[in-house]
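Below is one structure; the comments refer to it alone.
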Amino acid sequence: MFHWISNLMRRVANEAVDKAIERMARDSYTENLFEMIPVAKKVGPIQLMEIVMRTKNGRPPGRPLGSHMRFSPWDKLLFNPVHLHRFPTPDSESIKTSVTIGPRAKKPLRIEIPIMIAAMSFGGALSKNAKIALAKAASRVGTATNTGEAGLLEEEREAASLLIGQYNRGGWLNDREKYSRLDAIEIQLGQGAQGSSPQRTRAENIGPEYRETFGIPEGEDAVIHSRLPGVDTKEQFIQLVRRLKEETGVPVGLKIAATHHLERELRIALEADVDFITVDGAEGGTHAAAPILEDDLGLPTIYAVSRAARFLAAQGASGKVSLIAAGGLVTPGDCLKAMALGADAVYIGTAAVMALVGDQLAKTAPFEPPTSLVVYNAKMTDKLDVDRSAGHLVNFLNASVKEMELVCYSLGKKSLADIDRSDLCALDPFLAKAVGVELGFVAPEEQDAYFEGLLAPSLAGRTRPQAPRRPAVPADGPGPATPEPQPPRLH
C-alpha cells in the first residue's frame, strides 16, 4: 500500500514539475512566474518582502531581532596562542571570570561571568514566562539580567538575584520606589537597533498585566519618546546621574546607540561621573523596528567598542568606569574579542533568546517561528517550559564561558580580564589599523614598514604635480636659452 502511494505521489509531482517547466519555457518574462527570481536577486528577497509589507498598511514593517546584516567583521580577528616565548597557563590553574561593574560605586555590581542578559522588556518585547526564565538562568550562573524599557515586573525581580533596570524614555521605571530596588541603573537614551527614535505600542496590543506593570491607563498607547523626559540639556543629565547615585548607591550608567559622535557623548558621560557605559552597536537586536533604523543607523559594534575603550583610556577612566559592549554578539568568540578590544563585560540578547528556546522549537516547527514561544502576545507563549528554558540558557552560558577559558589558557593568561589587543591579530589591513591590532600576515617587527609601504602610493598621489619640462634652447643657438618655467608657488 505504501509503495503504491509513493509511486502515485512521484507521478503527480513529476507531472506538476513538467508542466511548470513547460509553461516557464513558453511564457514571456512579463507573464512568467520565473520573473520572481531575477527580481528577488536584484532587490534581495528580504527587501522584496518588506516592499510588499509597506504597501499593505503604509507603516514601516517592524522587523524582529535587528538587522540581518553583520557589520562587524569579528571573523577577521584571531587570537594568538603562545608556546615558548610566553608559556600557556598551566591547566592546574583556574581562570578568573568574575567582573565588577562600577567599582567606584558605593555598592558595586559583581558578576561571576562577563556575559550578561541584554535589555529585553516585558510586554515591549518578551512574554512574562520568557523574562522569568532569563532571570532564573542569570541567577544560577551568577550574572545579571536587564529589565529593558519597562516597568518593574515583580516576578522578574523575585527571580533575578542581580537585576539591572533601565531608567527609560517611557518613564515606566523612573519612580524612586521602583529604581531603588535595582542592583544597577542604566539610563537608556538609545539602542543600536533604533537609535534614539520614538516608539509606540498601540493600546489594542497591550494586555492587562502589561498595563499594570507599566502603569498605563486603559485605552492609552505605550510611548517611548526620543528624549528622556526632563532631560533636555547636558546639565540636566549630569544632575540626574548624580541624584540617582546619591539616592541608591548602586552603579549608575548610560546606554546609548553606538555613533560616530561617540567621543563627544562619552565626554559628557564622564563629566556626569557615570559608573558604567553601555555601547550598543548597529547590530543590536530588538522586538520590532523599522528596517531603516536597523540597517542604516549607528556604528558597528567592533569599531564602537574599540573607540570607546581608547577614549576611556586616554581620559584615565579605564578601570574606573566600566565599559559594556552590546550588539550582535552571538558566539563566545565574539564576546571575548569585544573584551580584548576593551570591554569589561558584554550583553547578549538574540543568542540568549535562541538558547532559551533550545530544543523547544520543535513545539513550533514547521508552522510557526521559534520566537512565537517567547515574544509578548505571540501565539504559543503559554507553551514555554520556564524551568526547562532556564536550564537551556544555563548550559549555553556555562559552555560559552568554558570556551572563553580555553582560549585564555592558550594565551598564557590567568583571567579573562587580562586578555587585550596584544592577544589579537587581524587578517585585514584596514581592520588592523581601525581597532589597533597587528596584521596577522606580517611579522611584528615589520608592521610599521608594511603600513608605510601600503600608504606610500596614496601619499605619492597627493604630491604637487610638476609642470612639464621644456627643453632649453642651446646657448650657441639663436638668442639666449629660454629659462625653464617653474611651477607656481603655493601659499
Side-chain angles (χ1 to χ4, degrees), residues 71-83 85-89 95-97 99-101 114-115 258 260 262-263 266 276-281 283 299-347 401 403-452 454-455:
F71 300 111
S72 296
W74 295 109
D75 57 326
K76 292 185 179 180
L77 290 179
L78 294 174
F79 290 105
N80 307 320
V82 297
H83 303 91
H85 90 280
R86 182 174 76 239
F87 278 75
T89 302
I95 301 297
K96 181 183 176 184
T97 63
V99 178
T100 299
I101 305 296
I115 303 175
H260 189 54
L262 188 61
E263 290 79 8
L266 298 189
F276 66 93
I277 295 168
T278 301
V279 178
D280 197 20
E283 300 98 314
L299 187 69
T301 305
I302 195 169
Y303 307 117
V305 173
S306 179
R307 282 176 54 177
R310 286 174 164 179
F311 179 81
L312 293 179
Q315 301 301 311
S318 295
K320 301 174 183 177
V321 177
S322 302
L323 176 62
I324 303 173
L329 301 174
V330 176
T331 70
D334 296 344
C335 296
L336 193 56
K337 289 170 186 176
M339 292 178 64
L341 292 180
D344 295 287
V346 301
Y347 276 127
V401 174
E403 289 183 47
M404 296 163 74
E405 290 175 358
L406 291 173
V407 171
C408 198
Y409 280 109
S410 196
L411 301 180
K413 301 294 179 71
K414 298 181 179 181
S415 169
L416 296 183
D418 292 337
I419 299 175
D420 58 27
R421 282 181 169 84
S422 67
D423 295 303
L424 292 170
C425 67
L427 304 182
D428 178 81
F430 165 79
L431 183 63
K433 278 295 183 184
V435 302
V437 303
E438 292 189 344
L439 191 56
F441 53 80
V442 177
E445 60 272 13
E446 298 172 0
Q447 296 282 319
D448 291 343
Y450 175 84
F451 280 107
E452 288 175 6
L454 196 65
L455 292 172

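The chain is numbered in sequence order, starting from 1.
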Just how far is it from atom CD1 of I95 to atom SG of C408, taken to the nearest 0.5 Å? 4.0 Å
Rounded to the nearest 0.5 Å, what separation is found between the CE atom of M404 and the CG atom of L416? 5.0 Å
Taking only residues two or more places apart in sequence or in another chain, which ones pass side chain to side chain donor-acceptor pair (under 3.5 Å) with S415? none
Given the rule in the side-chain contact (heavy atoms from CB on, under 4.5 Å) test, do L431 and Y303 qualify, once you have shown the distances and angles that lead to the verdict? CA-CA 9 Å; L431 183 63; Y303 307 117; 3.8 Å; yes
Who passes side-chain contact (heavy atoms from CB on, under 4.5 Å) against A443, sequence neighbours left out? E445, E446
So which pairs with a foot in residues 316-331 pass salt bridge (charged side-chain N to carboxylate O under 4.0 Å, His left out), sequence neighbours left out? none
Heavy-atom closest pair, residues G412 and T89: C-OG1, 3.1 Å
Hits for side-chain contact (heavy atoms from CB on, under 4.5 Å) against F79, two or more places apart or cross-chain, chain-then-number order -> L336, K337, A340, V407, L411, I419, L424
Looking at residues at least two apart in the chain, or sitting in another chain, which of them share a side chain to side chain donor-acceptor pair (under 3.5 Å) with E263? R307
Does P81 have any side-chain contact (heavy atoms from CB on, under 4.5 Å) partners at least two apart in sequence or in another chain, and if so, which? H83, S410
Could you please spell out the steps behind the side-chain contact (heavy atoms from CB on, under 4.5 Å) verdict for T301 and W74? CA-CA 10 Å; T301 305; W74 295 109; 4.1 Å; yes
For the student: nearest non-hydrogen atoms of H85 and V82, plus distance: CE1-CG1, 3.6 Å
Under 3.5 Å, which donor-acceptor pairs do the side chains of residues 323-333 form with other protein atoms, sequence neighbours left out?
from	atom 1	to	atom 2	distance (Å)
T331	OG1	G333	N	3.3
T331	OG1	D334	N	3.0
T331	OG1	D334	OD1	3.3
T331	OG1	D334	OD2	3.4

If you look at every heavy atom in T97 and P114, which pair is closest and at what distance? O-CD, 3.3 Å
What residues, two or more places apart in sequence or in another chain, satisfy side-chain contact (heavy atoms from CB on, under 4.5 Å) together with D75? P73
Are any of the side-chain heavy atoms of I302 and L77 separated by less than 4.5 Å? yes
Tell me if a side-chain donor or acceptor on S322 pairs with a main-chain N or O of D344 at a distance below 3.5 Å. no
What distance separates C335 SG from I115 CD1, expressed to the nearest 0.5 Å? 4.5 Å
Is the closest side-chain heavy-atom distance between L427 and F441 below 4.5 Å? no
Contact summary for A432 and F451, nearest pair of heavy atoms: CB-CZ, 4.2 Å
Please check if the side chain of E283 supplies one atom and the backbone of P300 the other of a donor-acceptor pair under 3.5 Å. no
Could you measure the distance from the CG atom of L262 to the CZ atom of F311? Nearest 0.5 Å is fine. 8.5 Å
Once salt bridge (charged side-chain N to carboxylate O under 4.0 Å, His left out) is applied, what residue pairs with a partner in residues 404-418 remain, sequence neighbours excluded? E93-K414, K413-D423
Kindly write out the residues that satisfy side chain to side chain donor-acceptor pair (under 3.5 Å) with S422, not counting sequence neighbours, or none if the list is empty. D420
Of all heavy-atom pairs between V279 and A304, which one has the smallest distance, and what is that distance? CG1-CB, 3.6 Å
Locate the shortest heavy-atom distance separating L341 from A309; write the atom from each residue and the value. O-CB, 3.3 Å
Quick one: list whatever passes side chain to side chain donor-acceptor pair (under 3.5 Å) with R421, sequence neighbours left out. S306
